[in-house]
Amino acid sequence: MVLVLAACATPAFAGDVEPSLRLDHLTGSREIALTFDACSGETDHRILDTLVAEHIPATVFVTGRWLKRNGPALAVMLAHPDLFEIENHGAEHVPAVTDKPTVFGLPSAGTLEAVRAEVDGGALAIFAATGTAPHWFRGATARYSRDAVALVTSEGYRIAGYSLNADVGASLPAAAVEKRLAAAKDGDVVIAHINQPHRPAGAGVAAGILALKRAGATFVRLEDADEAEGKVNAAKPSSHPSS
């Protein structure tokens with residue numbers, strides 16, 4: 001099993017990339033990688049408790065901001081190392097973009113020095129909280145300027161793209177999220193959010209996970225798969241924020 005990474009860009013962001021990531025394997029089973037962004041704010045226990053109760057592995061991308069406020073939730077994840085992989089979502093949830101002032105309304109890093117600070121700050125926060133260094137990086141909004149991609153990969157990180165956006169920045173109603181997630185195909189790397197407990201989307205994420213399990217799907221973390229560079233994916237990425 002490997003992970004296939006491909007860069008995509010829409011005309012509106014022609015200079016930037018929104019990487020796509022998929023599992024590529026020949027097992028014949030419906031295998032899916034669940035990844036969750038913990039941008040800031042709180043913890044959605046509808047999702048976290050479902051993952052623990054159903055013993056479903058997942059990769060969680062945390063920011064330094066989220067770690068400061070969510071010690072109890074982190075403790076749950078650390079108590080289940082067989083389930084949760086903790087990876088880098090940056091220090092302050094700043095998009096790793098240098099050529100535009102904002103991305104989906106968020107002020108971008110603007111310079112490579114600021115991108116480096118975002119990446120390194122997130123890694124330091126994770127190491128301080130867990131004692132483990134992250135290996136994957138997903139920037140805020142999951143979009144990157146090309147020079148930022150070069151910087152992040154030069155520091156030894158893998159860029160965490162995705163193939164299925166389950167909740168579109170936790171903005172969708174529960175029923176829509178459940179339908180999108182339940183329709184995940186073999187090899188999909190799913191992105192959703194675990195930091196919005198007061199939005200309806202989280203209920204749909206939990207329901208969609210249960211639907212997938214009932215349908216016989218199996219789940220893996222990103223660290224359970226190897227990465228391989230793939231050919232460019234021509235699929236058009238969403239015009240909505242992913243983080």
Side-chain angles (χ1 to χ4, degrees), residues 18-19 21 33-45 47-48 51 58-78 84-98 102-145 148-149 151-153 155-162 165-171 189-199 201-202 205 221-223 240-243:
E18 183 179 17
L21 193 67
L34 298 175
T35 74
F36 296 96
D37 288 358
C39 310
S40 60
E42 304 174 58
T43 302
D44 193 333
H45 280 277
I47 300 171
L48 180 59
L51 295 172
T59 303
V60 184
F61 287 85
V62 302
T63 66
R65 291 171 58 184
W66 184 87
L67 287 171
K68 291 176 182 178
R69 297 185 55 182
N70 292 274
L74 178 64
V76 170
M77 295 179 192
L78 295 179
F84 296 104
E85 171 188 0
I86 308 298
E87 296 293 351
N88 191 353
H89 198 35
E92 299 292 337
H93 200 246
V94 176
V97 170
T98 63
T102 62
V103 183
F104 298 124
L106 292 178
S108 64
T111 67
L112 285 178
E113 291 77 12
V115 173
R116 190 187 304 275
E118 175 73 358
V119 176
D120 292 350
L124 287 172
I126 289 171
F127 188 80
T130 70
T132 302
H135 302 288
W136 289 84
F137 178 77
R138 174 181 287 155
T141 76
R143 284 189 179 269
Y144 311 82
S145 55
V149 170
L151 173 64
V152 172
T153 56
E155 292 202 354
Y157 288 96
R158 298 169 178 176
I159 301 287
Y162 61 93
N165 191 337
D167 64 2
V168 189
S171 68
V189 175
V190 176
I191 185 175
H193 290 74
I194 199 168
N195 67 308
Q196 296 288 352
H198 306 298
R199 295 186 184 180
V205 171
R221 301 169 300 182
L222 295 185
E223 68 180 359
H240 296 283
S242 58
S243 299

Is the closest side-chain donor-acceptor distance between R69 and T43 under 3.5 Å? no
Does a side chain donor of either E18 or Y162 reach within less than 3.5 Å of an acceptor in the other side chain? yes
Spatial distance of atom CD (E92) from atom CD (E118) [nearest 0.5 Å]: 7.0 Å
When every non-hydrogen atom of A38 is compared with those of N195, the smallest separation belongs to CA-CB, 4.0 Å
Kindly determine whether R116 and V152 satisfy side-chain contact (heavy atoms from CB on, under 4.5 Å), including the steps that lead there. CA-CA 8 Å; R116 190 187 304 275; V152 172; over 6 Å; no
For the residue pair L106 and V94, establish whether any side-chain heavy-atom pair is separated by less than 4.5 Å. no
Does any non-hydrogen side-chain atom of R138 lie less than 4.5 Å from one of I191? yes
Check: N165 side chain, V168 main-chain N or O, donor-acceptor pair, under 3.5 Å: yes
Is there side-chain contact between W66 and F61, with heavy atoms separated by less than 4.5 Å? no
Quick check against the 3.5 Å criterion: does T35 have a side-chain atom that pairs as donor or acceptor with the backbone of V190? yes
Would C39 and H93 count as a side-chain contact (heavy atoms from CB on, under 4.5 Å) here? Give the steps. CA-CA 6 Å; C39 310; H93 200 246; 3.3 Å; yes
Is the shortest side-chain heavy-atom distance between V119 and Y157 below 4.5 Å? yes
Using a 4.5 Å cut-off on heavy atoms from C-beta on, say whether the side chain of T130 contacts that of L78. yes
What are the two closest non-hydrogen atoms of L74 and A129, and how far apart are they? CD2-CB, 3.7 Å
P19 to I159 - nearest heavy-atom pair and separation: CG-CG2, 3.6 Å
Partners meeting side-chain hydrogen bond (donor to acceptor under 3.5 Å, both in side chains) with E85 (sequence neighbours left out): T59
Could you please spell out the steps behind the side-chain contact (heavy atoms from CB on, under 4.5 Å) verdict for H89 and D37? CA-CA 7 Å; H89 198 35; D37 288 358; 3.5 Å; yes
Minimum heavy-atom distance G64-A125, with the two atoms named: CA-CB, 3.8 Å
Side chains of T132 and I86: does their closest heavy-atom pair fall under 4.5 Å? no
Drop me the distance from T153's OG1 to F137's CZ, to the nearest 0.5 angstrom. 11.5 Å
Does R221 reach the side chain of F84, with side-chain heavy atoms less than 4.5 Å apart? no
Begin from the C-alpha positions of E87 and L222 and carry the test side-chain contact (heavy atoms from CB on, under 4.5 Å) through to its verdict. CA-CA 10 Å; E87 296 293 351; L222 295 185; 5.9 Å; no
Under 3.5 Å, is there a donor-acceptor pair between the side chain of T111 and the main chain of A114? yes
Check A117 against A91 and note the closest heavy-atom contact, atom names and distance. O-CB, 4.3 Å
Can you name the closest pair of heavy atoms from N88 and A123 and give their distance? ND2-N, 3.4 Å
Apply side-chain hydrogen bond (donor to acceptor under 3.5 Å, both in side chains) to S145 and list each qualifying residue two or more places apart in sequence or on a separate chain. T98, D147
Side chain to side chain donor-acceptor pair (under 3.5 Å) with D167: which of H193, R199, Q196? H193
Which residues share a salt bridge (Lys or Arg N to Asp or Glu O under 4.0 Å) with E42, sequence neighbours left out: none
Minimum side-chain heavy-atom gap Y144-V115 below 4.5 Å: no
